S.K.: 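Pasting in a structure now, in C-alpha coordinates, and then I'll have a few things to ask.
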Amino acid sequence: MLLHLSTWQEVETYLQQSQGIILPIGSTEQHGPTGLIGTDAICAEAIARGVGEATQAVVGPTINVGMALHHTAFPGTISLRPSTMIQLLRDYITCLAKSGFTKFYFINGHGGNIATLKAAFSETYAHLEDLQIPNAQRVQCQVANWFMCGSVYQLAKELYGNQEGSHATPSEVAVTQYVYPEAIKQTPLSPEVGTGHRIYGAADFRQKYPDGRMGSNPALATPEHGQQFYELAVKELSNGYLEFLNAD
(Lines give C-alpha, C1' and ligand atoms only; values in the text may rest on other atoms or scores of the structure.)
Protein backbone atom coordinates (compact mmCIF):
# COMPACT_ATOMS: atom_id res chain seq x y z
CA MET A 1 0.00 0.00 0.00
CA LEU A 2 1.76 3.12 -1.24
CA LEU A 3 0.78 6.23 0.69
CA HIS A 4 0.85 8.50 -2.35
CA LEU A 5 -1.51 6.18 -4.26
CA SER A 6 -3.96 5.91 -1.38
CA THR A 7 -6.88 8.04 -0.23
CA TRP A 8 -7.20 9.45 3.26
CA GLN A 9 -10.11 7.08 3.91
CA GLU A 10 -7.90 4.09 3.05
CA VAL A 11 -5.21 5.34 5.42
CA GLU A 12 -7.78 5.86 8.16
CA THR A 13 -8.97 2.28 7.73
CA TYR A 14 -5.38 0.97 7.75
CA LEU A 15 -4.66 2.78 11.03
CA GLN A 16 -7.44 0.81 12.72
CA GLN A 17 -5.37 -2.32 12.08
CA SER A 18 -1.75 -1.09 12.18
CA GLN A 19 0.14 2.02 13.21
CA GLY A 20 3.32 1.11 11.33
CA ILE A 21 4.74 2.82 8.27
CA ILE A 22 7.82 2.18 6.17
CA LEU A 23 9.73 5.21 4.90
CA PRO A 24 12.45 4.73 2.25
CA ILE A 25 15.27 7.24 2.43
CA GLY A 26 18.31 7.60 0.21
CA SER A 27 20.43 10.27 -1.38
CA THR A 28 21.03 12.09 -4.66
CA GLU A 29 24.79 11.88 -5.08
CA GLN A 30 27.55 10.77 -7.41
CA HIS A 31 28.26 7.05 -7.55
CA GLY A 32 31.38 6.88 -9.65
CA PRO A 33 31.65 6.66 -13.45
CA THR A 34 29.01 3.93 -13.85
CA GLY A 35 26.74 4.41 -10.83
CA LEU A 36 23.48 6.32 -11.10
CA ILE A 37 23.21 9.54 -9.09
CA GLY A 38 19.95 8.25 -7.64
CA THR A 39 21.40 4.89 -6.58
CA ASP A 40 20.77 5.21 -2.84
CA ALA A 41 17.17 6.32 -3.26
CA ILE A 42 16.47 3.76 -6.00
CA CYS A 43 17.68 0.88 -3.84
CA ALA A 44 15.84 2.05 -0.73
CA GLU A 45 12.59 2.61 -2.62
CA ALA A 46 12.60 -0.74 -4.41
CA ILE A 47 13.41 -2.69 -1.27
CA ALA A 48 10.91 -0.72 0.85
CA ARG A 49 8.15 -1.48 -1.62
CA GLY A 50 9.08 -5.15 -1.51
CA VAL A 51 8.95 -5.11 2.30
CA GLY A 52 5.63 -3.28 2.21
CA GLU A 53 4.13 -5.94 -0.06
CA ALA A 54 5.48 -8.74 2.09
CA THR A 55 4.19 -7.28 5.36
CA GLN A 56 1.04 -5.46 4.16
CA ALA A 57 2.45 -2.19 5.45
CA VAL A 58 1.95 1.35 4.21
CA VAL A 59 5.04 2.66 2.40
CA GLY A 60 5.56 6.42 2.43
CA PRO A 61 7.05 8.56 -0.34
CA THR A 62 10.78 8.15 -0.86
CA ILE A 63 12.99 10.81 0.69
CA ASN A 64 15.38 11.16 -2.25
CA VAL A 65 17.79 13.76 -0.89
CA GLY A 66 19.88 13.06 2.19
CA MET A 67 23.11 14.16 3.87
CA ALA A 68 25.79 14.00 1.16
CA LEU A 69 27.75 17.21 1.58
CA HIS A 70 31.05 15.40 1.06
CA HIS A 71 29.97 14.46 -2.48
CA THR A 72 29.04 17.97 -3.61
CA ALA A 73 32.29 18.56 -5.52
CA PHE A 74 30.85 16.17 -8.13
CA PRO A 75 28.23 17.60 -10.54
CA GLY A 76 24.67 16.48 -10.00
CA THR A 77 24.92 15.82 -6.27
CA ILE A 78 22.19 17.41 -4.14
CA SER A 79 22.51 17.43 -0.36
CA LEU A 80 20.72 18.63 2.73
CA ARG A 81 22.67 20.01 5.65
CA PRO A 82 22.27 17.81 8.74
CA SER A 83 20.24 20.53 10.46
CA THR A 84 17.89 20.79 7.47
CA MET A 85 17.47 17.04 7.28
CA ILE A 86 16.63 16.88 10.98
CA GLN A 87 13.89 19.49 10.49
CA LEU A 88 12.53 17.66 7.46
CA LEU A 89 12.36 14.32 9.26
CA ARG A 90 10.85 15.92 12.33
CA ASP A 91 8.07 17.45 10.21
CA TYR A 92 7.41 14.17 8.36
CA ILE A 93 7.11 12.18 11.57
CA THR A 94 5.08 14.85 13.38
CA CYS A 95 2.42 14.99 10.66
CA LEU A 96 2.11 11.22 10.54
CA ALA A 97 2.10 10.90 14.34
CA LYS A 98 -0.81 13.33 14.50
CA SER A 99 -2.65 10.97 12.14
CA GLY A 100 -2.06 8.03 14.46
CA PHE A 101 1.14 6.39 13.19
CA THR A 102 3.50 5.34 15.98
CA LYS A 103 6.04 2.95 14.39
CA PHE A 104 8.36 4.53 11.82
CA TYR A 105 10.67 2.11 10.00
CA PHE A 106 13.17 3.93 7.80
CA ILE A 107 14.73 1.74 5.13
CA ASN A 108 17.94 3.57 4.37
CA GLY A 109 20.20 3.37 1.33
CA HIS A 110 22.94 5.84 2.28
CA GLY A 111 25.52 5.43 5.02
CA GLY A 112 25.92 9.21 5.30
CA ASN A 113 22.32 9.47 6.54
CA ILE A 114 22.73 7.28 9.61
CA ALA A 115 24.08 9.79 12.12
CA THR A 116 21.59 12.48 11.08
CA LEU A 117 18.67 10.04 11.19
CA LYS A 118 19.48 9.06 14.75
CA ALA A 119 19.82 12.69 15.76
CA ALA A 120 16.49 13.46 14.09
CA PHE A 121 14.78 10.74 16.07
CA SER A 122 15.95 12.25 19.36
CA GLU A 123 14.86 15.73 18.26
CA THR A 124 11.48 14.40 17.20
CA TYR A 125 10.71 12.53 20.42
CA ALA A 126 11.30 15.72 22.39
CA HIS A 127 9.30 17.80 19.90
CA LEU A 128 6.29 15.48 20.07
CA GLU A 129 6.32 15.56 23.86
CA ASP A 130 6.50 19.37 23.80
CA LEU A 131 3.45 19.43 21.51
CA GLN A 132 1.65 17.07 23.91
CA ILE A 133 0.40 14.91 21.07
CA PRO A 134 -1.75 12.18 22.69
CA ASN A 135 0.31 9.23 21.46
CA ALA A 136 3.73 10.93 21.68
CA GLN A 137 5.11 8.46 24.21
CA ARG A 138 4.27 5.57 21.87
CA VAL A 139 6.17 6.92 18.84
CA GLN A 140 9.23 4.85 17.96
CA CYS A 141 11.64 5.23 15.04
CA GLN A 142 14.13 2.73 13.68
CA VAL A 143 16.65 2.87 10.85
CA ALA A 144 17.28 -0.27 8.81
CA ASN A 145 20.21 -0.07 6.39
CA TRP A 146 19.59 -2.58 3.61
CA PHE A 147 23.30 -2.76 2.71
CA MET A 148 24.12 -3.83 6.26
CA CYS A 149 21.81 -6.85 6.26
CA GLY A 150 23.82 -9.91 7.21
CA SER A 151 22.67 -11.88 4.18
CA VAL A 152 23.47 -9.00 1.83
CA TYR A 153 26.93 -8.52 3.33
CA GLN A 154 27.69 -12.22 3.03
CA LEU A 155 26.66 -12.40 -0.63
CA ALA A 156 28.68 -9.27 -1.48
CA LYS A 157 31.70 -10.83 0.19
CA GLU A 158 31.24 -14.04 -1.78
CA LEU A 159 30.72 -12.32 -5.13
CA TYR A 160 33.17 -9.43 -4.89
CA GLY A 161 35.57 -9.96 -2.00
CA ASN A 162 37.55 -6.82 -1.20
CA GLN A 163 36.38 -5.23 -4.48
CA GLU A 164 33.02 -4.45 -2.88
CA GLY A 165 34.53 -1.30 -1.37
CA SER A 166 32.39 1.18 0.57
CA HIS A 167 30.91 3.57 -2.03
CA ALA A 168 29.71 3.04 -5.60
CA THR A 169 29.80 -0.62 -4.64
CA PRO A 170 28.99 -3.41 -7.09
CA SER A 171 26.19 -4.58 -4.78
CA GLU A 172 24.27 -1.31 -4.87
CA VAL A 173 24.99 -0.78 -8.56
CA ALA A 174 23.68 -4.30 -9.19
CA VAL A 175 20.38 -3.47 -7.48
CA THR A 176 19.92 -0.40 -9.69
CA GLN A 177 20.69 -2.55 -12.74
CA TYR A 178 17.97 -4.96 -11.66
CA VAL A 179 15.45 -2.15 -11.07
CA TYR A 180 16.39 -0.06 -14.14
CA PRO A 181 18.01 -2.36 -16.72
CA GLU A 182 17.49 0.32 -19.35
CA ALA A 183 19.81 2.68 -17.46
CA ILE A 184 22.87 0.44 -17.10
CA LYS A 185 26.07 2.43 -17.67
CA GLN A 186 29.35 1.07 -18.94
CA THR A 187 32.67 2.85 -19.20
CA PRO A 188 36.31 1.82 -18.61
CA LEU A 189 37.30 2.12 -14.95
CA SER A 190 40.77 2.96 -13.73
CA PRO A 191 42.45 -0.03 -12.02
CA GLU A 192 43.57 2.44 -9.35
CA VAL A 193 40.84 3.44 -6.92
CA GLY A 194 41.03 5.53 -3.76
CA THR A 195 40.55 3.70 -0.49
CA GLY A 196 41.07 4.09 3.24
CA HIS A 197 41.01 7.90 3.46
CA ARG A 198 39.02 9.71 6.12
CA ILE A 199 36.06 11.79 4.96
CA TYR A 200 36.26 15.55 5.49
CA GLY A 201 35.04 18.28 3.13
CA ALA A 202 33.84 17.97 -0.47
CA ALA A 203 37.01 19.25 -2.18
CA ASP A 204 39.20 16.97 -0.07
CA PHE A 205 36.93 14.01 -0.84
CA ARG A 206 37.23 14.54 -4.58
CA GLN A 207 40.99 14.89 -4.32
CA LYS A 208 41.26 11.61 -2.38
CA TYR A 209 38.63 9.77 -4.46
CA PRO A 210 38.99 11.37 -7.92
CA ASP A 211 36.46 9.23 -9.80
CA GLY A 212 34.03 8.99 -6.87
CA ARG A 213 34.59 5.35 -6.00
CA MET A 214 35.78 4.21 -2.59
CA GLY A 215 37.70 0.97 -3.00
CA SER A 216 35.01 -0.52 -5.24
CA ASN A 217 34.82 -2.21 -8.62
CA PRO A 218 31.24 -1.73 -9.87
CA ALA A 219 32.18 -3.34 -13.20
CA LEU A 220 31.52 -6.65 -11.39
CA ALA A 221 27.82 -5.83 -10.96
CA THR A 222 25.09 -7.62 -12.94
CA PRO A 223 21.28 -7.36 -12.89
CA GLU A 224 21.15 -11.00 -11.78
CA HIS A 225 23.26 -10.15 -8.75
CA GLY A 226 20.93 -7.23 -8.12
CA GLN A 227 17.90 -9.49 -7.97
CA GLN A 228 19.66 -11.68 -5.42
CA PHE A 229 20.53 -8.70 -3.23
CA TYR A 230 16.99 -7.35 -3.55
CA GLU A 231 15.37 -10.62 -2.51
CA LEU A 232 17.73 -11.11 0.43
CA ALA A 233 17.20 -7.56 1.69
CA VAL A 234 13.41 -7.77 1.36
CA LYS A 235 13.30 -11.03 3.31
CA GLU A 236 15.59 -9.85 6.11
CA LEU A 237 14.02 -6.40 6.47
CA SER A 238 10.49 -7.81 6.35
CA ASN A 239 11.36 -9.88 9.41
CA GLY A 240 12.99 -6.83 10.97
CA TYR A 241 9.93 -4.65 10.38
CA LEU A 242 7.52 -7.19 11.88
CA GLU A 243 9.74 -7.60 14.95
CA PHE A 244 9.86 -3.81 15.36
CA LEU A 245 6.10 -3.50 14.82
CA ASN A 246 5.29 -6.10 17.47
CA ALA A 247 7.84 -5.02 20.06
CA ASP A 248 6.85 -2.91 23.06
Side-chain angles (χ1 to χ4, degrees), residues 24-51 54 62-66 68 70-71 73-79 107-114 144-197 199 205-206 208-238:
I25 182 168
S27 184
T28 299
E29 65 185 46
Q30 69 82 20
H31 272 78
T34 58
L36 306 180
I37 287 175
T39 291
D40 292 342
I42 291 167
C43 294
E45 179 175 276
I47 292 166
R49 289 187 178 193
V51 173
T62 302
I63 302 171
N64 294 77
V65 179
H70 51 291
H71 291 293
F74 293 86
T77 296
I78 305 172
S79 178
I107 292 184
N108 178 43
H110 173 50
N113 286 341
I114 297 173
N145 307 296
W146 78 266
F147 50 90
M148 295 177 69
C149 289
S151 56
V152 168
Y153 177 85
Q154 185 60 38
L155 180 60
K157 186 177 180 180
E158 292 172 5
L159 291 174
Y160 313 128
N162 61 9
Q163 295 188 81
E164 165 73 350
S166 57
H167 181 66
T169 63
S171 59
E172 62 184 345
V173 170
V175 174
T176 67
Q177 290 179 345
Y178 169 60
V179 178
Y180 288 108
E182 72 277 13
I184 293 174
K185 312 292 183 181
Q186 293 181 335
T187 191
L189 296 174
S190 168
E192 296 182 4
V193 57
T195 184
H197 304 291
I199 296 176
F205 183 95
R206 181 155 183 176
K208 301 289 178 52
Y209 301 101
D211 72 355
R213 294 179 295 150
M214 299 178 70
S216 63
N217 182 8
L220 300 175
T222 70
E224 292 74 23
H225 291 168
Q227 182 175 1
Q228 291 179 266
F229 286 120
Y230 166 83
E231 291 173 352
L232 289 171
V234 167
K235 181 179 180 180
E236 192 164 328
L237 294 183
S238 293

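Note that the structure is predicted; figures quoted are calculated from it, not measured.
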S.K.: Within the distance-only criterion (no hydrogens, no angle test), does the side chain of S216 pair as donor or acceptor with the backbone N or O of P218 below 3.5 angstrom?
M.R.: no
S.K.: Give the ring-plane orientation class for F229 versus H225, where under 30° counts as parallel, over 60° as perpendicular and anything between as tilted.
M.R.: perpendicular
S.K.: With sequence neighbours excluded, what pairs up with Y178 under the ring-ring contact (aromatic ring centres under 6.0 Å, His included) test?
M.R.: Y230
S.K.: Only counting residues at least two apart or in another chain, list the ones meeting ring-ring contact (aromatic ring centres under 6.0 Å, His included) with F147.
M.R.: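 Checked F147 against ring-ring contact (aromatic ring centres under 6.0 Å, His included); zero matches.
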S.K.: Please round to the nearest 0.5 Å and tell me the distance separating atom NZ of K235 and atom SG of C149.
M.R.: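 Answer for the NZ-SG pair, K235 versus C149, is 12.0 Å.
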S.K.: Do P170 and L159 come close enough that some side-chain heavy atom pair is under 4.5 Å?
M.R.: no
S.K.: Would N108 and I114 count as a side-chain contact (heavy atoms from CB on, under 4.5 Å) here? Give the steps.
M.R.: CA-CA 8 Å; N108 178 43; I114 297 173; 3.7 Å; yes
S.K.: Report the distance from atom OG1 of T77 to atom NE2 of H70, rounding to the nearest 0.5 Å.
M.R.: 9.0 Å
S.K.: Can you tell me how far CG of D211 sits from CD of Q30, rounded to the nearest 0.5 angstrom?
M.R.: 8.0 Å
S.K.: Could you tell me whether the side chain of H110 reaches within less than 4.5 Å of the side chain of E172, counting heavy atoms only?
M.R.: no
S.K.: Could you tell me if Q227 and E231 have a donor-acceptor pair between their side chains, going purely by distance under 3.5 Å?
M.R.: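 Per modelled atom types, E231 and Q227 side chains form a pair under 3.5 Å.
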S.K.: Just say parallel, tilted or perpendicular for the rings of H167 and H31, cut-offs at 30° and 60°.
M.R.: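 The arrangement is tilted - the two ring planes meet at 30° to 60°.
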S.K.: I want to check something: taking the side chain as every heavy atom from C-beta on, are T169 and Y160 in contact at a cut-off of under 4.5 Å?
M.R.: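 Of all side-chain heavy-atom pairs linking Y160 with T169, none is under 4.5 Å.
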